[in-house]
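Have a look at the structure below, then the notes.
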There are 2 protein chains.
Amino acid sequence: MTSPDPEMTPEPDSKARLRLWLKLLKVTRSVEADLREALRTEFASTLPRFDVMSALSRHAEGLKMSELSGLLKVSNGNVTGIVERLVEDGIALREAVPGDRRASRVRLTRKGAEEFARQASEHEHWVNELLGALEAEEATAMILQLDRIIREEAQ
Amino acid sequence: MTSPDPEMTPEPDSKARLRLWLKLLKVTRSVEADLREALRTEFASTLPRFDVMSALSRHAEGLKMSELSGLLKVSNGNVTGIVERLVEDGIALREAVPGDRRASRVRLTRKGAEEFARQASEHEHWVNELLGALEAEEATAMILQLDRIIREEAQ
DNA sequence: GCGAATTATTTCAAGCATAAACCTTTAAGC
DNA sequence: GCTTAAAGGTTTATGCTTGAAATAATTCGC
């Protein structure tokens, strides 16, 4: 009989989690690459632009730059550049916030809202195909597990 | 009784998959941000550098640039810059490929291999903590599901 | 052999991303 | 009021990333 030696196999669990992490990375990057490619060829756009438009579309009243960067979990200066280009393209606009000359509020133009509606519809189709290997029940179950990871981190 | 009308709820499944995709993105970015921060403060390094070093460490005989970009699923030109900096820092080196003056083979220096060993060990600890909410069995089960997504895409 | 495709890689322009430094405006203390 | 701190954003330096174009070496077809 082999005697049980806890020192010989230090952390089998950590290896499983590491493999999961590598797989998560692989899947996410792969799907992201496909979506990026689709956005580029179909709409001559990018994922970061889509993300910003998506956030703005959920807030018709507009968002402050800091709210935007907070929602998207990206740095402040990052949003500056993306919004800058969206404004140049007539997708978004900035308006002054009454009573606070530091801030400005960003929102979609009519054109931007229409454009996002078209893109979001296609986007959902793409995702549905890319994740088609999973049934809705599996997807929902996985969401719950992933939520536990996020919640643990947030502490 | 409400009559079952398949036209009223066009694609409930696609919504579930879309939510899963958004959650995957959120978890991955969140963990990535933590790892990036840890690499930065602990080792004054970055994730792309770690990824390249990781690939090189699994191939002591060295990798051609195209093999490297293929493994990491990133563009060709991307790898050029990262390897360039690794070479400058004495982490990696390039050697000529006999019989093919176009290609070069990249591999870790002794210093690079030692440095990676240290980083990889810490990296595994970090991941183990970040994904600690999941048991090893859950992790393994999730890997199988994620694999199905990749396999479907590869077609 | 010789020209044409293919392969391996770099260079380039543009955009994305971060952290840190900075500037301006607003709010709070006193 | 005046000072100081905090909040909202931009700018800057650096690095990552892509896709496309350019360069160079190799291989293929004949």
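Letters go in sequence order (proteins before strands), and every chain restarts at 1.
- Considering only residues two or more places apart in sequence or on other chains, A:S104 meets the side-chain hydrogen bond (donor to acceptor under 3.5 Å, both in side chains) condition with A:R94.
- At the heavy-atom level, A:E37 lies under 4.0 Å from the strands shown only through sugar-phosphate atoms.
- Rounded to the nearest 0.5 angstrom, B:H59 NE2 and B:E67 CD are separated by 8.0 Å.
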Throw together a table of side-chain donor-acceptor distances under 3.5 angstrom for residues 78-90 of chain A, partners on residues two or more places apart or in other chains.
from, atom 1, to, atom 2, distance (Å)
A:D89, OD2, A:R49, NH1, 3.0
A:D89, OD2, A:R49, NH2, 2.9

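- Applying the ring pair (Phe, Tyr, Trp, His ring centres under 6.0 Å) test to A:F116 and every residue at least two apart in sequence or in another chain returns A:F50.
- Of the residues in residues 84-101 of chain A, those with a non-hydrogen atom less than 4.0 angstrom from any atom of DNA chain C are A:R85, A:G99, A:D100, A:R101.
- Counting non-hydrogen atoms under 4.0 angstrom, A:S66 reaches the backbone sugars and phosphates but no base.
- Residue pairs meeting the salt bridge (Lys or Arg N to Asp or Glu O under 4.0 Å) criterion with at least one member in residues 131-141 of chain A, sequence neighbours excluded: A:E138-B:R148.
- Applying the side-chain hydrogen bond (donor to acceptor under 3.5 Å, both in side chains) rule to B:R36 yields no partners; only residues at least two apart in sequence or on another chain are considered.
- In summary, contact between chain B and DNA chain D, defined as any nucleotide atom under 4.0 Å from a heavy atom of the protein, begins and ends at D:dG15 to D:dT26 in the 5' to 3' direction.
- Listed for the A:S69 side chain is a donor-acceptor partner under 3.5 Å among the backbone atoms of A:S66.
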Worksheet item: Can you check side-chain contact (heavy atoms from CB on, under 4.5 Å) on B:L146 and B:I149, steps first, answer last?
Response: CA-CA 5 Å; B:L146 294 173; B:I149 296 177; 4.2 Å; yes
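- When each of A:G77 and A:K64 is assigned the nucleotide of DNA chain D bearing its nearest heavy atom, the one mapping closer to the 5' terminus is A:K64.
- Evaluation of the side chain to side chain contact (heavy atoms under 4.5 Å, CB included) rule for A:E32 yields A:T28, A:L47, B:W21, B:L25, B:R29 as partners, not counting sequence neighbours.
- Using a cutoff of 4.0 Å between basic side-chain nitrogens and carboxylate oxygens, B:E129 and A:R17 are not scored as salt-bridged.
- By the side chain to side chain contact (heavy atoms under 4.5 Å, CB included) test, B:T140 pairs with A:A16, A:R19, sequence neighbours left out.
- Taking A:A38 as the reference, A:W126 meet the side chain to side chain contact (heavy atoms under 4.5 Å, CB included) condition, with sequence neighbours excluded.
- Between B:E37 and B:R40 there is a salt bridge, since a side-chain N of the basic residue sits under 4.0 Å from a carboxylate O of the acidic one.
- Place A:N78 and A:R29 on DNA chain D by their nearest nucleotides, and A:N78 ends up nearer the 5' end.
- Residues from residues 40-63 of chain B lying near DNA chain D, meaning a heavy-atom separation below 4.0 Å, are B:T46, B:P48, B:R49 in numerical order.
- Nucleotides of DNA chain C with any atom under 4.0 Å from a heavy atom of chain A span, from 5' to 3', C:dG15 to C:dT26.
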